[in-house]
Amino acid sequence: MGTCQALCLNQNRRSNRGTCENASKYHVQLDDELGRWVLRMYNWADNLFPLYGRETLMAQQSYEESALYRLRHSAAHLMAQAVTELYPGSKLAIGPPIENGFYYDIEFDEPLKEEELSKIEHRMRELANLDQPIVRKVAKDVEEARRIVLEECTLGQGEATALYKLQLLDAIPPGEEVSFYEQRAMDKQGKEHLFIDLCRGPHIESTKPIKHFKLMHLAGAYWRGDVKNKQLTRIYGTAFETKEELALYLHNLEEAKKRDHRILGRELGLFMFSPRVGPGLALWLPKGAILRDVLMDFLKEEQVRRGYEGVVTPNIASHRLYEKSGHILTYREKMFPFMEDEEKETFILKPMNCPFHIEIYSSTLRSYRELPVRLAEFGTVYRYEQSGELAGMLRVRGFTQDDAHLFVRPDQLLDEFKGVVDLMMVVLKKLGLSEYRVRVGTKDPESDKYVGHQDNWKQAEAAIMQACNELGLDYEVSPGDAAFYGPKLDLIIKDALGREWQMGTVQVDYNLPERFDLEYIGEDSKPHRPIMIHRAPFGSLERMIGLITEQYAGAFPLWLSPVQVAILPIADRHVGYAAHIASQLLGYDSRQEVEGEQVPFKSDQVDSPQLRVNIDDSRQTLGKKIRESQRQKVPYMLIIGDNDAEAGTVGVRSREDGDLGAMTLAEFVAKVKAEL
RNA sequence: GCCACUUUAGCUCAGCGGUAGAGCAGCUGUUUCGUAAACAGCAGGUCACCGGUUCAAGUCCGGUAAGUGGCUCCA
């Protein structure tokens with residue numbers, strides 16, 4: 001099956017900017033065997049997870065409407081049937097299809113062990129082979145639905161097993177159709193197998209096609225996603241229509257693991273963690289530190305152009321500062337233990353930069369003419385994340401935000417907000433991140449974890465929506481995802497394993513200016529209150545570098561690569577010429593320091609940008625040196641041998657395209673400049 | 001924090017009650033080599049930590065820590 005067209009149709013056909021609802025996309029491919037166009041849905045950027053095939057182009061189905069979705073839904077039921085047979089008395093909760101498979105949440109009497117999954121899988125195969133017809137039944141009324149849940153669904157295992165199903169039934173709005181799916185068959189021994197489940201459907205017609213599936217792993221999951229509720233056992237599985245698709249999925253999963261930033265981070269010498277330092281506290285190795293520096297330089301330059309001013313603030317502060325900001329009230333459980341001292345002031349490790357920037361803003365009387373004031377800082381913050389949430393660089397306890405706070409007049413809010421979004425887009429483009437989701441996090445009306453007046457929130461939320469609409473940005477509104485002081489717009493991007501992470505963020509805040517009584521003197525000579533915009537286009541350096549490491553699979557583009565050029569002398573006698581080449585590329589010739597020394601090589605002074613170069617003078621064969629540089633994903637290798645020393649050339653090899661032949665250094669530099 | 005799992009040499013992994021193993025990396029020597037692994041030798045381990053069972057524990061049991069996949073939370 002050859003990929004003939006890279007024609008990408010957005011799943012929702014809403015946007016041509018690469019954003020979409022669940023970051024999936026269709027590819028149209030010509031099926032060589034069948035000689036017709038087929039539609040395939042892939043998970044985001046690099047087609048790691050083909051989700052289904054065999055749908056015609058005309059269909060234009062969503063995943064939810066697809067045969068695969070139904071198959072997986074039925075596979076979840078099949079699993080539940082196997083579980084109720086193997087573990088009578090288990091309480092079934094919910095079992096939906098999900099992006100790459102399905103799960104079922106079940107309460108077991110005894111905790112389920114991972115090794116038992118194969119037993120369940122085995123029973124599933126037996127049950128599937130019985131070719132049980134899957135039949136939809138609709139309850140006449142609520143009473144009948146209740147009776148079916150209590151009598152039929154429990155399969156004689158006791159009414160207690162209907163615990164969660166009853167709650168689900170109660171949640172169905174009155175008047176809505178209540179449906180059940182039943183599957184039953186007699187096995188060779190004449191024993192009847194029966195399973196009936198409260199379910200909206202749809203399902204496939206029989207259990208027979210459920211052949212290519214695998215139970216993946218176990219997890220705890222709170223009933224209805226609420227920590228206050230009981231934790232159920234969730235069994236994750238996946239299913240496909242063909243053996244090949246399942247094998248491909250599993251293969252791709254293995255491939256995806258190879259681009260895990262934790263593995264690449266070690267292999268490429270970018271960063272590390274040590275239990276002796278502490279969980280979630282990263283150590284940046286020299287090459288990782290270069291990534292940080294390069295990213296910071298890039299953003300600083302953009303920010304200077306956009307009127308930002310840099311500031312620097314401390315890592316700890318008096319608790320009073322954070323009392324005033326409301327952090328201690330609403331954010332305490334995420335903060336590291338306080339440095340308490342009965343005699344003296346209590347200090348706390350900073351979880352957010354905003355109060356410091358607010359202090360700087362209010363250190364002097366501000367005129368309406370100097371607004372907007374844009375204070376930027378690469379501020380390192382510490383948050384006591386729950387231990388189970390730490391995930392390499394994507395979730396750490398100490399991280400550096402590319403933070404800034406914009407203090408603006410009401411009439412400037414919209415333009416400033418749009419300016420920030422523009423900057424975020426510039427950043428995404430520069431980093432090659434084209435697949436993302438935009439989420440507007442608003443206040444959860446039920447929750448009391450927010451500070452400020454309702455009117456402030458309404459205004460801030462309206463401002464964000466208006467800016468998005470004016471920018472033509474596709475976004476979804478997510479109540480409860482606001483910061484405690486204001487609503488926000490977040491960029492959400494998936495990692496190699498398909499998990500979503502919040503990256504860049506912009507927040508509109510009327511509340512902290514009020515809490516800190518911020519002012520500026522207006523045209524009318526009277527004090528007015530500014531509005532704050534909090535923003536971080538990367539989100540954090542840790543998370544962003546972890547993520548782009550996965551996006552690029554460690555093969556960073558030239559401008560970012562910690563080592564841009566590896567110089568590989570073929571034999572020891574070429575090391576001198578290699579050093580000369582290196583100094584040219586560094587834009588600095590160390591030989592100039594050695595007075596009176598003869599320049600032993602043909603002069604080829606070039607005007608090179610400062611490149612990060614590394615000479616491999618290990619006593620290894622050329623093949624080995626190339627292999628090593630290739631493994632380190634260095635964009636360019638310059639191979640230096642007798643021919644080159646004589647002709648004053650370098651043998652250029654590219655990470656992607658291999659041997660490019662001999663060039664003069666000037667030619668190579670021109671090539672590199674064009675790429676940077 | 002909760003559920004499940006994992007932890008043996010710098011890295012990747014084997015060993016699963018009876019004297020700790022391999023490959024790669026490292027070091028030393030030989031080789032000085034033209035586009036993805038030269039050859040040989042050497043060295044490297046309180047088998048995460050603490051406790052228990054046993055004549056005997058990487059191996060079985062319990063606890064702790066760190067990590068992994070989820071849930072909840074989030075940059």
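Reminder, nothing fancy here: chain letters follow the sequence lines and each chain counts from 1. Bear in mind the structure is a predicted one, so any value in this text is a computation, not a measurement.
- At B:U12, one or more side-chain N or O atoms of A:Arg266 fall inside 4.0 Å of OP1 or OP2 (strictly under the cut-off).
- A straight line from CG of A:Asp105 to C1' of B:G70 spans 11 Å, rounded to a whole angstrom.
- Following rounding to the nearest Å, A:Glu656 (CD) and B:U35 (C1') show an atom-to-atom distance of 16 Å.
- Base-pair partner of B:C2: B:G70 (Watson-Crick or G-U wobble, both distances under 3.5 Å).
- Rounded to a whole angstrom, the distance from the C1' atom of B:U7 to that of B:G58 is 11 Å.
- Searching all strands for a Watson-Crick or G-U wobble partner of B:C42 with both distances below 3.5 Å returns B:G26.
- Across all strands shown, A:Tyr236 has heavy atoms under 4.0 Å from sugar-phosphate atoms exclusively, and none from any base.
- Put simply, A:Arg655 has no side-chain N or O that comes within less than 4.0 Å of OP1 or OP2 on B:A36.
- Annotation: A:Tyr322 is not in aromatic contact with A:Tyr331 [ring centroid separation under 6.0 Å not met].
- Rounded to whole Å, atom P of B:U68 lies 13 Å from atom NZ of A:Lys257.
- Residues A:Asn315 and A:Thr380 form a side-chain contact, since some pair of their non-hydrogen atoms from C-beta on lies under 4.5 Å apart.
- The side chain of A:Arg619 lies closest to B:U32, out of B:G1, B:U32, B:A75.
- Relative to the six-membered ring of A:Phe102, A:Arg72 misses at least one condition, a distance below 6.0 Å or an angle of at most 45° to the axis.
- Each of B:C71, B:A75, B:A4 was ranked by its minimum atom distance to the side chain of A:Arg234; first place goes to B:C71.
- Between the side chain of A:Arg543 and the base of B:C74, at least one donor-acceptor pair of N or O atoms lies under 3.5 Å.
- B:A36 makes up no base pair with any nucleotide shown, lacking Watson-Crick or G-U wobble contacts both under 3.5 Å.
- The minimum heavy-atom distance between A:Pro569 and A:Ile567, with the atom names listed, is CD-O, 3.2 Å.
- For B:U31, there is no paired base (Watson-Crick or G-U wobble, both distances below 3.5 Å).
- Note on ring orientation: taking the six-membered ring where Trp is involved, the planes of A:Phe484 and A:His327 are perpendicular (angle over 60°, cut-offs 30° and 60°).
- A:Lys230 comes within 4.0 angstrom of nothing in the nucleic acid, heavy atoms only.
- Between the P atoms of B:G41 and B:U53, the separation comes to 46 Å (whole Å).
- Not a single donor-acceptor contact under 3.5 angstrom links the side-chain atoms of A:Arg573 to the base of B:U32.
- Counting non-hydrogen atoms under 4.0 angstrom, A:Gly623 reaches the backbone sugars and phosphates but no base.
- For the pair A:Lys334 and B:G1, the criterion of a side-chain N or O lying under 4.0 Å from OP1 or OP2 is not met.
- Of the charged side-chain nitrogens involved, at least one lies within less than 4.0 Å of a carboxylate oxygen, so that A:Lys494 and A:Glu99 count as a salt-bridged pair.
- Looking at heavy-atom distances under 4.0 Å, A:Asp644 makes contact with a base.
- When distances are taken from the side chain of A:Ser387 to each of B:A75, B:G34, B:G1, the shortest belongs to B:G1.
- Contacts with RNA chain B (heavy atom under 4.0 Å) in residues 389-396 of chain A: A:Glu389, A:Leu390, A:Gly392, A:Arg395, A:Val396, listed by number.
- Contact annotation: A:Tyr331 does not reach the phosphate of B:C74 (side-chain N/O to OP1 or OP2, under 4.0 Å).
- Proximity of a side-chain donor or acceptor of A:Asp402 to a complementary backbone N or O of A:Phe538 within less than 3.5 Å is detected.
- Scanning atom types as modelled, one donor and one acceptor separated by under 3.5 angstrom connect the side chain of A:Tyr222 and the base of B:G1.
- Using a 4.0 Å heavy-atom distance criterion, A:Gln502 is classed as a sugar-phosphate-only contact.
- Contact of the A:Leu268 side chain with the A:Arg631 side chain is not registered, since no non-hydrogen atoms from C-beta on lie closer than 4.5 Å.
- Which of B:U35, B:A37, B:G70 sits closest to the side chain of A:Arg627 comes down to B:A37.
- Panel note: side chain A:Ser540, backbone A:Arg543; a donor-acceptor pair is recorded below 3.5 Å.
- Comparing the P positions of B:A20 and B:G44 gives an interatomic distance of 15 Å, to the nearest angstrom.
- The shortest distance between side-chain heavy atoms of A:Leu264 and A:Glu267 falls below 4.5 Å.
- B:A14 and B:G21 have their C1' atoms separated by 7 Å, given to the nearest Å.
- Atom P of nucleotide B:U68 and atom CE of A:Met216 are separated by 18 Å, given to the nearest angstrom.
- Between A:Ala571 and A:Arg499, the one whose closest nucleotide on RNA chain B sits nearer the 5' end is A:Ala571.
- At a threshold of 4.0 angstrom between heavy atoms, the contacts of A:Leu568 with the nucleic acid are absent.
- Applying the 90° cutoff around 0 to the glycosidic angle, B:G58 is assigned syn.
- Applying the 4.0 Å criterion to OP1 and OP2 of B:C24, one finds that A:Lys624 has every side-chain N and O outside that range.
- Taking 4.0 angstrom as the limit, A:Thr621 places none of its side-chain polar atoms (N or O) nearer than this to OP1 or OP2 of B:C33.
- Within 4.0 Å of A:Gly539, counting heavy atoms only, lie sugar-phosphate atoms of the nucleic acid but no base atom.
- Remark: side-chain polar atoms of A:Asn229 are paired, donor with acceptor, to backbone N or O of A:Trp223 under 3.5 angstrom.
- Considering only the side chain of A:Glu114, B:A4 comes nearest among B:A4, B:G34, B:C71.
- Across all strands shown, A:Met503 has heavy atoms under 4.0 Å from sugar-phosphate atoms exclusively, and none from any base.
- Under 3.5 Å, the side chain of A:Ser540 and the base of B:A75 form at least one donor-acceptor pair of N or O atoms.
- As rounded to whole Å, 14 Å separates atom P of B:U35 from atom CG of A:Asp642.
- Side-chain atoms of A:Asp659 stay outside donor-acceptor range of the base of B:G34, with no qualifying N/O pair under 3.5 Å.
- When distances run from any side-chain atom of A:Ile570 to the nucleotides B:G34, B:G70, B:C74, the shortest one goes to B:G34.
- Protein atom OH of A:Tyr636 is 18 Å distant from nucleotide atom C1' of B:A36, rounded to whole Å.
- In this structure, of B:A38, B:G34, B:G69, it is B:G34 that holds the atom nearest to the side chain of A:Leu622.
- Residue A:Gly225 is the one, among A:Gly225 and A:Asp490, whose nearest nucleotide of RNA chain B lies closer to the 5' end (criterion: closest heavy atom).
- As judged by a 4.0 angstrom heavy-atom cut-off over every strand, A:Glu385 is placed among the base-contacting residues.
- Distance, A:Leu491 CG to B:C74 P: 17 Å, rounded to whole Å.
- Here the side chain of A:Thr400 pairs no donor or acceptor atom with the backbone of A:Gly379 at under 3.5 angstrom.
- Judged by Watson-Crick or G-U wobble contacts below 3.5 Å, the nucleotide B:U64 has B:A48 as its partner.
- With both pairing distances under 3.5 Å, B:A14 is matched to nothing as a Watson-Crick or G-U wobble pair.
- Put simply, CG on A:Asn229 is 13 Å from C1' on B:C2, counting in whole angstrom units.
- Residue A:Lys488 places at least one side-chain N or O under 4.0 Å from the OP1 or OP2 atom of B:A75.
- Remark: A:Gln401 is not in phosphate contact with B:A75, judged by side-chain N or O atoms under 4.0 Å from OP1 or OP2.
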